[in-house]
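Following: one structure in structure tokens, then a few remarks.
First listed ligand is number 1; within each ligand, the first listed atom is number 1.
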Amino acid sequence: MEKGKMIHEGKAKQLFLTDNPDEVLVWFKDDVTAFDGGKKGTIQSKGILNNSISSFFFELLQSRGISTHFVKKLDERGMIVKRLSIIPIEIVVRNISAGSLAKRFGWEEGRRLTKPVVELYYKDDALGDPLINRSHAAALDIAAPTQLDVMEDTACKVNLILERFLATKNLLLVDFKLEFGTHKGQIMLGDEISPDTCRFWDAITNEKLDKDRFRRDLGNVEEAYREIWLRLGCNA
Ligand code: 5GP
């Protein structure tokens with residue numbers, strides 16, 4: 001596999017062309033940002049851990065019939081994925097109140113929601129990724145209603161699969177963010193699934209094992225990511 005030109009650099013990942021025009025190489029960095037880039041840092045080995053954890057989750061989801069961009073884990077920090085045209089919507093699914101939901105309604109963190117809450121955010125850094133609804137998506141002309149149906153339905157299925165699986169590892173899936181794109185007209189789950197994009201709590205102690213440790217200066221950030229990797233038993 002030939003690593004070609006870098007075509008995109010995000011906060012946590014770089015994207016490179018490969019010799020296959022249908023596939024790109026995702027390279028996971030140790031850089032971490034929060035609060036729309038207002039807080040920056042580095043988490044030692046995060047790129048290696050997130051590549052392993054994401055590869056593990058994509059393989060699990062694909063084995064349960066979810067269509068994802070994942071092709072294979074290439075090496076420590078590299079993952080080969082199908083090249084997607086990204087739909088600029090972040091789908092967030094929540095099982096337990098935390099983060100911006102807890103803040104919006106003045107709820108304490110840790111309240112179990114009667115049913116999962118599904119939210120849409122417009123992926124636009126300059127606007128700070130605002131919360132939107134389906135009519136905003138139509139007005140913005142960023143996704144067709146049928147595409148939103150597929151994305152929301154898939155996000156709910158992903159939630160069920162991951163929540164049940166993580167329970168066997170003594171982990172609570174508090175909430176998470178997914179991104180989707182199209183490849184040859186087909187909608188696929190893209191981006192990553194990792195402690196950067198999910199809230200994972202220990203099921204007994206509610207200890208936070210995700211990016212909130214960085215956002216809130218809780219310390220032991222690398223240790224938390226490593227703990228997730230250890231509990232999943234995935235390969236680095
Ligand atoms: P909240 O809206 O509470 O800040 O985030 C909800 C969930 O979505 C959390 O698991 C959070 O990590 C994830 N999330 C939402 N937006 C982003 C984002 O722009 N980047 C990352 N890495 N995760 C996000």
For atom 22 (N) of ligand 1, the closest protein heavy atom turns out to be Asp196 O, 2.9 Å
shortest atom 4 (O) of ligand 1-to-protein heavy-atom contact is with Arg199 NH2, 3.9 Å
Problem set entry | Heavy-atom side-chain contact between Asp149 and Arg134 under 4.5 Å | yes
### Query
Checking Lys39 against Phe214: charged group under 6.0 Å from the ring centre and within 45 degrees of the axis?
yes
Near Glu90 (heavy-atom distance under 4.0 Å), the atoms of ligand 1 are 16 (N), 17 (C), 19 (O)
- Query: If you measure from each heavy atom of Lys103 to ligand 1, is any distance below 4.0 Å?
  - Reply: no
Min over Pro195, Ala102, Gly99, Ser100 of heavy-atom distance to atom 1 (P) of ligand 1 lands on Ser100
Exercise for the section: Answer with yes or no whether Arg215 contacts ligand 1, where contact means a heavy atom under 4.0 Å from a ligand atom. Expected result: yes
shortest atom 10 (O) of ligand 1-to-protein heavy-atom contact is with Asp175 OD1, 2.6 Å
Between the CG atom in Asp75 and the NZ atom in Lys3, the distance rounded to the nearest 0.5 Å is 8.0 Å
Considering only NZ, NE, NH1 and NH2 on the basic side and carboxylate oxygens on the acidic side, decide whether Lys13 and Asp191 come within less than 4.0 Å.
yes
Counting from 1 in the order shown, the ligand 1 atoms closer than 4.0 Å to a non-hydrogen atom of Asp129 are 19 (O)
Per-atom filter on ligand 1: closer than 4.0 angstrom to a heavy atom of Lys211 are 22 (N)
Suppose we call two aromatic rings close when their centres sit under 6.0 Å apart. Are His69 and Phe58 close by that rule? yes
Notebook entry, point to check: Step by step, would you call Phe56 with Phe165 a ring-ring contact (aromatic ring centres under 6.0 Å, His included)?
Noted result: CA-CA 12 Å; Phe56 179 90; Phe165 176 80; 5.6 Å; yes
*Taking NZ, NE, NH1 and NH2 as the nitrogens, is one of them in Glu109 or Lys208 under 4.0 Å from a carboxylate oxygen of the other?*
yes
- Message: I'd like to know if Arg94 pairs up with Glu119 as an ion pair, taking the criterion as any Lys NZ or Arg NE/NH1/NH2 lying under 4.0 Å from an Asp or Glu carboxylate oxygen.
- Response: yes
In ligand 1, the atoms that come under 4.0 Å of a heavy atom of Thr197 are 10 (O), 12 (O), 13 (C), 22 (N), 23 (N)
Counting from 1 in the order shown, the ligand 1 atoms closer than 4.0 Å to a non-hydrogen atom of Cys198 are 10 (O)
closest protein heavy atom to atom 20 (N) of ligand 1 is Lys177 CE, 3.8 Å
